[in-house]
Amino acid sequence: MSGNKISIEELREQFDNDVERFADERIGQTTTVDAGLALSMIEESIFRLSPNAKRMCDIGCGAGNFSLRVARKLPQLKLTLLDLSRPMLERANQRLAAEGFLVEESIQSDIAQAVLPENRFDVVLAAASLHHLRTRADWKSVFARVYRSLVSGGSFWIWDLIRHENETIEAVQKERYAEYLTGLKDKAYQEHVFEYIERSDSPETVAFLMHALEEAGFREIDLLHKNVVFAALFARKD
(Lines give C-alpha, C1' and ligand atoms only; values in the text may rest on other atoms or scores of the structure.)
Protein backbone atom coordinates (compact mmCIF):
# COMPACT_ATOMS: atom_id res chain seq x y z
CA MET A 1 0.00 0.00 0.00
CA SER A 2 2.86 2.40 0.76
CA GLY A 3 4.33 2.48 -2.75
CA ASN A 4 6.33 5.61 -3.53
CA LYS A 5 4.51 7.87 -1.10
CA ILE A 6 6.11 10.94 0.40
CA SER A 7 7.69 10.50 3.84
CA ILE A 8 6.12 11.53 7.13
CA GLU A 9 8.71 14.31 7.38
CA GLU A 10 7.70 15.64 3.96
CA LEU A 11 4.06 15.39 4.93
CA ARG A 12 4.72 17.33 8.13
CA GLU A 13 6.52 20.08 6.22
CA GLN A 14 3.67 20.24 3.73
CA PHE A 15 1.12 20.84 6.49
CA ASP A 16 3.41 23.24 8.37
CA ASN A 17 3.34 25.47 5.31
CA ASP A 18 -0.41 25.33 4.73
CA VAL A 19 -1.91 26.32 8.08
CA GLU A 20 -3.98 29.31 7.04
CA ARG A 21 -5.72 27.45 4.24
CA PHE A 22 -6.81 24.81 6.75
CA ALA A 23 -7.91 27.49 9.20
CA ASP A 24 -10.72 28.38 6.78
CA GLU A 25 -13.79 26.45 7.95
CA ARG A 26 -14.87 26.01 4.33
CA ILE A 27 -11.77 23.94 3.54
CA GLY A 28 -12.64 20.28 2.97
CA GLN A 29 -16.19 21.10 2.01
CA THR A 30 -15.44 21.53 -1.67
CA THR A 31 -12.68 19.14 -2.70
CA THR A 32 -14.15 16.45 -0.46
CA VAL A 33 -17.48 15.19 -1.81
CA ASP A 34 -20.34 15.60 0.70
CA ALA A 35 -18.04 16.82 3.50
CA GLY A 36 -20.50 19.42 4.71
CA LEU A 37 -23.28 16.85 4.86
CA ALA A 38 -21.18 14.16 6.54
CA LEU A 39 -19.53 16.42 9.11
CA SER A 40 -22.83 18.04 10.06
CA MET A 41 -24.34 14.58 10.50
CA ILE A 42 -21.44 13.45 12.70
CA GLU A 43 -21.52 16.67 14.74
CA GLU A 44 -25.27 16.34 15.40
CA SER A 45 -24.97 12.61 16.14
CA ILE A 46 -22.23 13.22 18.72
CA PHE A 47 -24.41 15.87 20.36
CA ARG A 48 -27.44 13.58 20.59
CA LEU A 49 -25.57 10.38 21.51
CA SER A 50 -23.24 11.94 24.11
CA PRO A 51 -24.78 15.21 25.40
CA ASN A 52 -22.87 14.86 28.68
CA ALA A 53 -19.51 13.96 27.15
CA LYS A 54 -16.57 15.26 29.15
CA ARG A 55 -13.54 14.62 26.96
CA MET A 56 -12.91 14.39 23.22
CA CYS A 57 -9.80 13.62 21.17
CA ASP A 58 -9.47 15.04 17.65
CA ILE A 59 -7.00 12.94 15.63
CA GLY A 60 -5.42 14.97 12.84
CA CYS A 61 -7.09 18.10 14.17
CA GLY A 62 -5.46 20.41 11.62
CA ALA A 63 -6.29 24.02 12.43
CA GLY A 64 -9.21 22.96 14.62
CA ASN A 65 -12.21 23.17 12.30
CA PHE A 66 -13.99 20.03 13.45
CA SER A 67 -13.17 20.51 17.14
CA LEU A 68 -14.74 23.94 16.91
CA ARG A 69 -17.91 22.53 15.37
CA VAL A 70 -18.37 19.91 18.07
CA ALA A 71 -17.33 22.20 20.95
CA ARG A 72 -19.91 24.78 19.93
CA LYS A 73 -22.56 22.13 20.59
CA LEU A 74 -20.84 20.65 23.65
CA PRO A 75 -18.97 23.56 25.29
CA GLN A 76 -18.22 21.52 28.42
CA LEU A 77 -15.77 19.31 26.50
CA LYS A 78 -12.14 19.11 27.53
CA LEU A 79 -10.26 18.67 24.26
CA THR A 80 -7.18 16.69 23.33
CA LEU A 81 -5.73 17.70 19.97
CA LEU A 82 -3.37 15.47 18.01
CA ASP A 83 -1.65 16.46 14.79
CA LEU A 84 1.56 15.86 12.91
CA SER A 85 2.15 19.60 12.47
CA ARG A 86 3.13 21.89 15.37
CA PRO A 87 1.94 25.06 13.55
CA MET A 88 -1.43 23.37 12.96
CA LEU A 89 -1.72 22.57 16.67
CA GLU A 90 -0.81 26.11 17.64
CA ARG A 91 -3.42 27.55 15.29
CA ALA A 92 -6.08 25.14 16.55
CA ASN A 93 -5.30 26.06 20.16
CA GLN A 94 -5.50 29.76 19.32
CA ARG A 95 -8.87 29.46 17.60
CA LEU A 96 -10.42 27.27 20.29
CA ALA A 97 -9.16 29.52 23.09
CA ALA A 98 -10.60 32.56 21.28
CA GLU A 99 -14.07 30.99 21.63
CA GLY A 100 -13.52 30.00 25.27
CA PHE A 101 -13.05 26.25 24.80
CA LEU A 102 -10.62 24.23 26.92
CA VAL A 103 -7.76 22.37 25.26
CA GLU A 104 -6.55 19.98 27.92
CA GLU A 105 -3.65 18.53 25.92
CA SER A 106 -1.94 19.01 22.56
CA ILE A 107 0.05 16.12 21.11
CA GLN A 108 2.37 16.59 18.15
CA SER A 109 2.78 13.13 16.66
CA ASP A 110 2.18 10.84 13.74
CA ILE A 111 -0.95 8.93 14.79
CA ALA A 112 0.81 5.71 13.78
CA GLN A 113 3.22 6.36 16.68
CA ALA A 114 1.09 8.35 19.13
CA VAL A 115 0.48 7.13 22.68
CA LEU A 116 -3.12 7.71 23.77
CA PRO A 117 -4.19 7.59 27.43
CA GLU A 118 -6.43 4.65 28.33
CA ASN A 119 -10.10 4.92 29.37
CA ARG A 120 -10.13 8.69 29.00
CA PHE A 121 -12.30 9.92 26.11
CA ASP A 122 -16.03 9.88 25.57
CA VAL A 123 -15.53 10.77 21.91
CA VAL A 124 -12.69 10.28 19.44
CA LEU A 125 -12.96 11.68 15.94
CA ALA A 126 -10.74 11.51 12.89
CA ALA A 127 -11.78 13.67 9.95
CA ALA A 128 -9.77 13.30 6.73
CA SER A 129 -6.61 12.23 8.54
CA LEU A 130 -6.26 8.44 8.76
CA HIS A 131 -5.76 8.01 5.00
CA HIS A 132 -2.13 8.99 5.62
CA LEU A 133 -1.55 5.65 7.37
CA ARG A 134 0.58 3.47 5.13
CA THR A 135 -0.19 -0.15 6.02
CA ARG A 136 -3.10 -2.24 7.21
CA ALA A 137 -1.07 -3.04 10.32
CA ASP A 138 -0.97 0.71 11.04
CA TRP A 139 -4.76 0.96 10.75
CA LYS A 140 -5.28 -1.97 13.10
CA SER A 141 -2.81 -0.56 15.61
CA VAL A 142 -4.51 2.84 15.60
CA PHE A 143 -7.97 1.30 15.99
CA ALA A 144 -6.77 -0.78 18.95
CA ARG A 145 -5.29 2.29 20.65
CA VAL A 146 -8.40 4.36 20.01
CA TYR A 147 -10.52 1.56 21.49
CA ARG A 148 -8.41 1.49 24.66
CA SER A 149 -8.52 5.28 24.94
CA LEU A 150 -12.32 5.36 25.06
CA VAL A 151 -14.42 4.96 28.20
CA SER A 152 -17.18 2.35 28.20
CA GLY A 153 -19.88 3.57 25.83
CA GLY A 154 -17.47 5.94 24.10
CA SER A 155 -17.73 6.52 20.37
CA PHE A 156 -15.32 6.74 17.42
CA TRP A 157 -16.21 8.75 14.32
CA ILE A 158 -14.35 8.60 11.01
CA TRP A 159 -14.75 10.71 7.86
CA ASP A 160 -12.21 9.89 5.21
CA LEU A 161 -11.06 9.09 1.71
CA ILE A 162 -11.65 5.43 0.82
CA ARG A 163 -10.96 3.02 -2.03
CA HIS A 164 -12.81 0.03 -3.49
CA GLU A 165 -11.69 -3.60 -3.66
CA ASN A 166 -13.07 -4.18 -7.15
CA GLU A 167 -10.88 -2.53 -9.80
CA THR A 168 -13.78 -1.80 -12.15
CA ILE A 169 -15.83 -0.15 -9.42
CA GLU A 170 -12.79 1.80 -8.29
CA ALA A 171 -12.28 3.07 -11.84
CA VAL A 172 -15.92 4.15 -12.13
CA GLN A 173 -15.83 5.97 -8.80
CA LYS A 174 -12.55 7.72 -9.65
CA GLU A 175 -14.08 8.86 -12.92
CA ARG A 176 -17.04 10.27 -11.01
CA TYR A 177 -14.67 12.07 -8.64
CA ALA A 178 -12.68 13.43 -11.59
CA GLU A 179 -15.88 14.81 -13.11
CA TYR A 180 -16.79 16.41 -9.78
CA LEU A 181 -13.39 18.11 -9.40
CA THR A 182 -13.33 19.31 -13.01
CA GLY A 183 -16.78 20.79 -12.57
CA LEU A 184 -15.68 22.42 -9.34
CA LYS A 185 -12.80 24.22 -11.05
CA ASP A 186 -11.15 22.77 -14.14
CA LYS A 187 -9.17 19.83 -15.53
CA ALA A 188 -5.87 21.17 -14.18
CA TYR A 189 -7.32 21.28 -10.67
CA GLN A 190 -8.59 17.71 -10.99
CA GLU A 191 -5.17 16.51 -12.09
CA HIS A 192 -3.53 18.39 -9.19
CA VAL A 193 -5.83 16.70 -6.64
CA PHE A 194 -5.28 13.24 -8.14
CA GLU A 195 -1.51 13.75 -8.15
CA TYR A 196 -1.65 14.83 -4.50
CA ILE A 197 -3.63 11.73 -3.55
CA GLU A 198 -1.21 9.48 -5.42
CA ARG A 199 1.80 10.99 -3.62
CA SER A 200 0.36 11.52 -0.15
CA ASP A 201 -2.56 9.22 0.62
CA SER A 202 -3.16 5.50 1.22
CA PRO A 203 -6.93 5.07 1.52
CA GLU A 204 -8.51 1.77 2.58
CA THR A 205 -11.75 -0.02 1.75
CA VAL A 206 -14.88 0.29 3.87
CA ALA A 207 -15.01 -3.51 4.24
CA PHE A 208 -11.50 -3.56 5.69
CA LEU A 209 -12.17 -0.63 8.02
CA MET A 210 -15.33 -2.17 9.44
CA HIS A 211 -13.64 -5.54 9.93
CA ALA A 212 -10.62 -3.90 11.60
CA LEU A 213 -12.90 -1.92 13.94
CA GLU A 214 -14.62 -5.17 14.94
CA GLU A 215 -11.25 -6.86 15.51
CA ALA A 216 -10.25 -3.98 17.80
CA GLY A 217 -13.29 -4.69 19.97
CA PHE A 218 -15.79 -2.11 18.75
CA ARG A 219 -19.51 -2.81 18.52
CA GLU A 220 -22.43 -0.96 16.90
CA ILE A 221 -20.20 -0.43 13.85
CA ASP A 222 -22.06 1.43 11.14
CA LEU A 223 -21.48 2.99 7.74
CA LEU A 224 -23.13 6.39 8.07
CA HIS A 225 -22.55 7.75 4.58
CA LYS A 226 -20.65 6.84 1.42
CA ASN A 227 -20.39 8.67 -1.89
CA VAL A 228 -17.77 8.25 -4.62
CA VAL A 229 -14.45 7.90 -2.72
CA PHE A 230 -15.44 9.23 0.71
CA ALA A 231 -17.16 7.57 3.65
CA ALA A 232 -18.27 8.23 7.23
CA LEU A 233 -18.18 5.44 9.84
CA PHE A 234 -19.22 5.09 13.46
CA ALA A 235 -18.16 2.58 16.11
CA ARG A 236 -18.90 2.29 19.81
CA LYS A 237 -17.14 0.66 22.73
CA ASP A 238 -19.25 -1.58 25.00
Side-chain angles (χ1 to χ4, degrees), residues 8-9 11-29 31-32 35-36 38-47 50 53-117 120-133 138-139 141-143 145-147 149-150 154-161 200-201 230 232-235:
I8 292 300
E9 290 72 24
L11 195 62
R12 180 186 296 114
E13 182 178 359
Q14 182 173 281
F15 287 128
D16 284 352
N17 294 325
D18 209 12
V19 174
E20 288 311 308
R21 183 170 70 89
F22 282 94
D24 185 334
E25 289 190 50
R26 296 167 298 178
I27 292 298
Q29 295 189 20
T31 302
T32 306
L39 296 181
S40 294
M41 176 179 57
I42 291 173
E43 168 194 333
E44 183 65 22
S45 298
I46 290 171
F47 173 67
S50 305
K54 297 177 181 178
R55 289 186 166 88
M56 181 180 82
C57 178
D58 187 352
I59 294 173
C61 68
N65 289 341
F66 204 15
S67 282
L68 278 167
R69 293 178 66 141
V70 178
R72 286 168 184 154
K73 282 189 173 290
L74 297 171
Q76 79 277 9
L77 282 174
K78 296 177 181 178
L79 302 166
T80 292
L81 306 179
L82 189 153
D83 201 272
L84 183 64
S85 166
R86 173 56 58 183
M88 287 286 192
L89 283 170
E90 291 172 351
R91 190 71 172 98
N93 272 271
Q94 179 189 52
R95 296 173 70 211
L96 287 156
E99 294 196 27
F101 302 127
L102 175 60
V103 176
E104 193 170 36
E105 185 175 12
S106 294
I107 304 170
Q108 183 190 2
S109 177
D110 173 10
I111 184 55
Q113 306 297 327
V115 176
L116 298 176
R120 185 173 184 84
F121 305 115
D122 300 281
V123 177
V124 175
L125 58 89
S129 59
L130 298 181
H131 59 262
H132 295 303
L133 295 169
D138 287 341
W139 284 92
S141 174
V142 169
F143 285 175
R145 279 178 280 137
V146 169
Y147 180 85
S149 78
L150 287 164
S155 56
F156 184 27
W157 308 81
I158 300 169
W159 166 247
D160 220 324
L161 180 72
S200 303
D201 303 339
F230 297 93
L233 295 94
F234 157 81

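Everything numeric in this text was worked out from a predicted model, so none of it was measured. Atom set for the values below is all heavy atoms of this structure, side chains included, hydrogens, waters and symmetry mates excluded.
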Would you compute the distance between atom [atom1] of [X] and atom [atom2] of [Y] and round it to the nearest 0.5 angstrom?
| X | Y | atom1 | atom2 | value |
| --- | --- | --- | --- | --- |
| Glu44 | Leu39 | CD | CG | 13.5 Å |
| Leu130 | Leu133 | CG | CG | 5.5 Å |
| Arg12 | Asp83 | CZ | CG | 10.0 Å |
| Thr32 | Trp159 | OG1 | CH2 | 7.0 Å |
| Cys57 | Leu150 | SG | CG | 9.0 Å |
| Leu84 | Gln113 | CG | CD | 11.0 Å |

For a quick test of reading the model, state the closest non-hydrogen atom pair linking [X] to [Y] and the distance between them.
| X | Y | result |
| --- | --- | --- |
| Ala71 | Phe101 | O-CE2, 3.4 Å |
| Ala232 | Ala38 | CB-CB, 4.5 Å |
| Asp16 | Val19 | O-CG2, 3.6 Å |
| Ala63 | Met88 | N-SD, 3.8 Å |
| Val123 | Ala53 | CG2-CB, 4.3 Å |
| Ser129 | Gly60 | CB-CA, 3.8 Å |

Sub-4.5 Å side-chain heavy-atom contact between [X] and [Y]:
| X | Y | result |
| --- | --- | --- |
| Ile107 | Leu81 | no |
| Leu89 | Cys61 | yes |
| Leu233 | Trp157 | no |
| Leu96 | Ser67 | yes |
| Gln76 | Lys54 | no |
| Leu102 | Leu79 | no |
| Ser106 | Asn93 | yes |
| Val146 | Ile59 | yes |

query = Does a side chain donor of either Ser141 or Arg145 reach within less than 3.5 Å of an acceptor in the other side chain?
reply =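 There is such a pair (donor and acceptor under 3.5 Å, judged by atom type) between the side chains of Ser141 and Arg145.
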task = Determine the interplanar angle of the Phe15 and His132 rings, folded into 0 to 90°, and report it as parallel if under 30°, tilted if 30 to 60°, perpendicular if over 60°.
result =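 The rings of Phe15 and His132 stand perpendicular, inter-plane angle above 60°.
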task = Please assess Arg95 against Leu68 for the test side chain to side chain contact (heavy atoms under 4.5 Å, CB included), listing each intermediate value before the final yes or no.
result = CA-CA 8 Å; Arg95 296 173 70 211; Leu68 278 167; 3.5 Å; yes
request  = Determine, using ring centers only, whether Phe156 and Phe143 are less than 6.0 Å apart.
outcome  =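 Yes; Phe156 has its ring centre under 6.0 Å from that of Phe143.
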message = As a quick check of understanding, evaluate side chain to side chain contact (heavy atoms under 4.5 Å, CB included) for Ser85 and Gln14, giving each step before the final call.
response = CA-CA 9 Å; Ser85 166; Gln14 182 173 281; over 6 Å; no
message = Working note: Arg72 + Glu99, criterion side chain to side chain contact (heavy atoms under 4.5 Å, CB included); need CA distance, chi angles, decisive distance, verdict.
response = CA-CA 9 Å; Arg72 286 168 184 154; Glu99 294 196 27; 2.7 Å; yes
task = Check the pair Asp122 / Met56 against side chain to side chain contact (heavy atoms under 4.5 Å, CB included), numbers first and verdict last.
result = CA-CA 6 Å; Asp122 300 281; Met56 181 180 82; over 6 Å; no
Donor-acceptor contact below 3.5 Å, side chain Arg55 vs main chain Glu104 =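 Not at all, since once roles are kept as given, no pair shorter than 3.5 Å links the two residues.
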request  = Start with the C-alpha distance between Glu105 and Arg120, add both sets of side-chain angles, then the distance that settles salt bridge (Lys or Arg N to Asp or Glu O under 4.0 Å), and finish with yes or no.
outcome  = CA-CA 12 Å; Glu105 185 175 12; Arg120 185 173 184 84; 5.1 Å; no
key: Counterpart residues, side-chain hydrogen bond (donor to acceptor under 3.5 Å, both in side chains), relative to Gln94 (two or more places apart)   =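 With sequence neighbours excluded, Gln94 shows a side-chain hydrogen bond (donor to acceptor under 3.5 Å, both in side chains) to Arg91, given in chain and number order.
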